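See structure below.
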Protein chains: 2
Amino acid sequence: MENSEKSRGGRPRAFDPEAALDAAMHLFWEHGYEATSLAMLRKAMGLTPPQIYNAFTDKETLFRRALARYHEREVGFALDALGAPVPVKEAIRLLLMGAAEAYTRPGKPGGCLFISGALATSPQAQAIADELKTYRKATEAAIAARLGKGQEAGELPANLSVERLAKYLTGVMHGMSIQARDGASAEDLRALAGIALAAWAAEMRKAADSNGETDARPVLHD
Amino acid sequence: MENSEKSRGGRPRAFDPEAALDAAMHLFWEHGYEATSLAMLRKAMGLTPPQIYNAFTDKETLFRRALARYHEREVGFALDALGAPVPVKEAIRLLLMGAAEAYTRPGKPGGCLFISGALATSPQAQAIADELKTYRKATEAAIAARLGKGQEAGELPANLSVERLAKYLTGVMHGMSIQARDGASAEDLRALAGIALAAWAAEMRKAADSNGETDARPVLHD
DNA sequence: CAGGTTTCGTATCGATCACTATGGAAAATT
DNA sequence: AATTTTCCATAGTGATCGATACGAAACCTG
C-alpha cells in the first residue's frame with residue numbers, strides 16, 4: 001500500500017528503480033556512505049544524475065532507502081531467528097550462525113552494512129552515523145528482548161543481566177562483521193560464533209553459582 | 001637515529017610538530033581518514049597548509065604518522081599485556097580490560113583508531129584501508145603467538161586451535177570498539193570482556209573433553 | 001489531435017577537496 | 001655583514017564533490 005505502479009501520466013521511467021536501488025545498496029555496502037560518490041553510483045546504477053535525483057531525491061535519501069532494503073533482504077532472516085519458536089539459546093545460535101552466513105555471502109561485500117556504511121564520518125554526515133547507530137541499537141534491543149523472554153520462561157537464570165549479555169552478543173556480531181571485512185570465511189565466523197556461544201554455558205553457570213551453590217554444576221554442554 | 005632536533009640552519013619551526021601530530025591523531029580518530037578534511041586539520045592543528053605539508057609531506061603520510069603515534073601512546077600498553085610474565089589467561093584478561101579502558105578514555109574519541117580510521121573507503125584510499133587491516137591483523141597475530149606460547153607451556157589444551165581463539169578474541173576487541181563508539185561505558189566494556197573471558201573456561205573444557213576424559217574438569221574458575 | 005505532466009539527456013552549477021606557487025621574513029653559516 | 005637555508009603567510013591551482021537548469025521527448029487524459 002504505497003505508491004505502487006500508479007503512474008499518473010507523463011513520460012515513463014526508462015529504468016527499474018528496484019534494480020537501481022539494489023546496485024546503490026551494494027556500492028554503499030562496499031564503500032560506505034561518504035566514500036561512495038555520485039559518479040560511482042551513476043556508473044553502477046547505469047543512470048544519469050537527474051534520473052537518480054528524480055527517483056531518490058538526494059544521496060542521503062537514497063542511502064536510507066538502501067538501508068531499509070538491506071534490512072529486509074539481507075539480514076532480515078537473521079533477525080527473524082529471534083522470533084523463531086525455539087529455546088532462547090537456539091534462537092541466539094541461529095542469529096549468530098545466520099550472521100556468519102550473511103556477512104560472507106559470495107558476490108556480496110563482506111560484513112554488515114550497518115557497520116560498514118558509516119562508523120566515523122564528517123560532521124556533515126552525523127545524521128547518517130546516528131541512523132546507523134539506531135539500527136545497531138535496535139538489534140541489541142531485539143536481542144535483549146528475546147533474552148528477557150527466555151528469562152521469564154525460566155530458560156535463563158533470574159539473576160542474569162540480559163542487557164549485558166545482549167551487549168556482549170551484539171559486540172560479537174560487530175566483531176564478526178569486521179573479521180569478515182578482513183577476509184574471514186564463513187567457516188571462520190562460524191567457529192568464532194561457536195566460541196562466543198561457549199561463553200553462554202559458562203555465563204549461565206556463573207550466574208547460577210553466584211546464586212548460592214558454588215560447585216554443583218547445572219547442565220552445560222549444549 | 002632519525003632527524004632528531006638536528007636543524008641544519010634556516011628559520012626554525014614556529015610550532016611543535018608533536019603537538020600538531022597529536023591534534024591530527026585525535027581528529028582522525030574521531031572522524032576517520034577520508035572524512036577528516038585539510039580544513040579541519042588546519043583548524044585543529046593551528047597551522048597553515050604549507051606548514052602541514054612541509055612537516056608531514058601529505059595527508060596520507062600524516063595519517064600514517066598518526067597511526068604510529070596512536071600505536072605507541074594509546075594502545076601500546078594493552079598489547080604489552082601479551083608480553084607480561086603472567087599465565088596466558090591472565091595476559092588475555094589484561095589485554096581485554098586494557099582495551100575496555102583505552103576505548104573509553106575521557107576526552108578521547110571512543111573506540112579504536114585502527115577501526116574508526118577507515119573501514120569502508122573510496123577506491124582512492126584503498127591503501128589506507130589495507131594499512132589499517134595490517135594493524136588489525138598484527139594484533140590478531142600477536143594474540144595467536146601468545147596463545148601458542150601458553151599452549152607450549154601446557155597452560156592450554158594441546159588440541160585447541162589458537163588461530164580460531166585468536167580470531168575470536170580479536171573479534172571481541174573489535175566489537176568492544178564499536179560498542180564504545182555507540183556509547184558503551186568502560187564498565188559496560190569490562191562486563192562484555194568478562195563474558196568473553198567466560199567463554200575461555202568453557203572452550204578449555206570443550207577442548208579437554210574432546211581429548212578423552214569427559215568429566216575430569218581441569219582448572220576452571222581461576 | 002491539444003493540453004498537461006513527467007522523465008529524458010546534456011551541460012553545467014557553486015562549494016569543497018587535497019595541494020602548491022610565490023615571495024618575503026627569520027635564523028644559521030661563512 | 002653577506003650568503004644560504006628554511007619556514008612563513010597569502011592566495012589560488014585543477015579536480016571532484018553533490019546537486020540542477022534547461023528544453024526536448026514520451027506518456028496520459030480530454
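Here is how names work: the chains are called A, B, and so on, in the same order as the sequence lines, proteins then strands, and each is numbered from 1. In this text, all values refer to a predicted model and were calculated from it rather than measured experimentally. All heavy atoms count here, side chains included; hydrogens, waters and symmetry mates do not.
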Quick one: list whatever passes side-chain hydrogen bond (donor to acceptor under 3.5 Å, both in side chains) with [X], sequence neighbours left out.
X	result
T134(B)	none
T61(B)	D58(B)
R146(B)	none
D130(A)	Q126(A)

If you pin T48(B) and Q124(B) to their nearest nucleotides in DNA chain D, which one's is more 5'?
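Nearest-nucleotide comparison on DNA chain D picks T48(B).
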
Counting only non-hydrogen atoms, which of residues 13-26 of chain B are less than 4.0 Å from DNA chain C?
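Per residue number, the list is empty: none.
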
Only pairs at least two apart or in different chains count here, so list each ring-ring contact (aromatic ring centres under 6.0 Å, His included) that has a residue in residues 126-152 of chain B.
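For residues 126-152 of chain B, and leaving out neighbouring residues, the ring-ring contact (aromatic ring centres under 6.0 Å, His included) pairs sorted by first residue read H71(B)-Y135(B), F114(B)-Y135(B).
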
Rounded off to whole Å, could you give me the [atom1]-to-[atom2] distance for the [X] and [N] pair?
X	N	atom1	atom2	value
I52(A)	dT20(D)	CD1	P	13 Å
R42(B)	dC17(C)	CZ	C1'	12 Å
Y33(B)	dC17(C)	OH	P	14 Å
Q51(B)	dA9(D)	CD	C1'	8 Å
E34(B)	dC17(D)	CD	P	11 Å
L47(A)	dT20(D)	CG	P	17 Å

Strictly by salt bridge (charged side-chain N to carboxylate O under 4.0 Å, His left out), give each pair with a member in residues 94-105 of chain A just once, sequence neighbours left out.
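The answer is E74(A)-R105(A), E101(A)-R105(A).
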
Can you tell me which residue pairs pass the salt bridge (charged side-chain N to carboxylate O under 4.0 Å, His left out) test with a partner in residues 134-144 of chain A, sequence neighbours excluded?
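Sorted pair list: R136(A)-D182(B), K137(A)-E140(A), E140(A)-K167(A).
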
Which atom pairs, one a donor and one an acceptor, fall under 3.5 Å between side chains of residues 115-125 of chain A and the rest of the protein, sequence neighbours left out?
{"unit_1": "S116(A)", "atom_1": "OG", "unit_2": "C112(A)", "atom_2": "O", "d": "3.3"}
{"unit_1": "S116(A)", "atom_1": "OG", "unit_2": "R181(A)", "atom_2": "NE", "d": "3.1"}
{"unit_1": "S122(A)", "atom_1": "OG", "unit_2": "E34(A)", "atom_2": "OE2", "d": "2.5"}
{"unit_1": "S122(A)", "atom_1": "OG", "unit_2": "Q124(A)", "atom_2": "OE1", "d": "3.0"}

Starting at the 5' end of DNA chain C and moving along, which residue's nearest nucleotide shows up first, P49(A) or L38(B)?
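Looking at the nearest nucleotide for each, P49(A) comes out on the 5' side.
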
Kindly state which residues belonging to residues 53-60 of chain B come within less than 4.0 angstrom of DNA chain D, counting heavy atoms of the residue only, listed by number.
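Within this stretch, N54(B) sit under 4.0 Å of the strand.
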
Sugar-phosphate atoms are those with a prime plus P, OP1 and OP2; base atoms are the rest. Using that split, label each nucleotide of nucleotides 21-26 of chain C B, S or - for protein heavy atoms under 4.0 Å, 5' to 3'.
B--BBB

Both conditions, 6.0 Å and 45 degrees, for the charged tip of K59(B) above the ring of Y33(B): are they met here?
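Positive - K59(B) is close enough to the ring of Y33(B) and near enough to its axis.
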
side-chain hydrogen bond (donor to acceptor under 3.5 Å, both in side chains) partners of residues 9-20 of chain B, not counting sequence neighbours, each pair once:
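Counting only pairs at least two positions apart or across chains, the side-chain hydrogen bond (donor to acceptor under 3.5 Å, both in side chains) contacts touching residues 9-20 of chain B are E18(B)-R69(B).
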
Enclosure of E60(A) CD (heavy-atom neighbours >12, cutoff 6.0 Å):
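Result for CD/E60(A): enclosed.
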
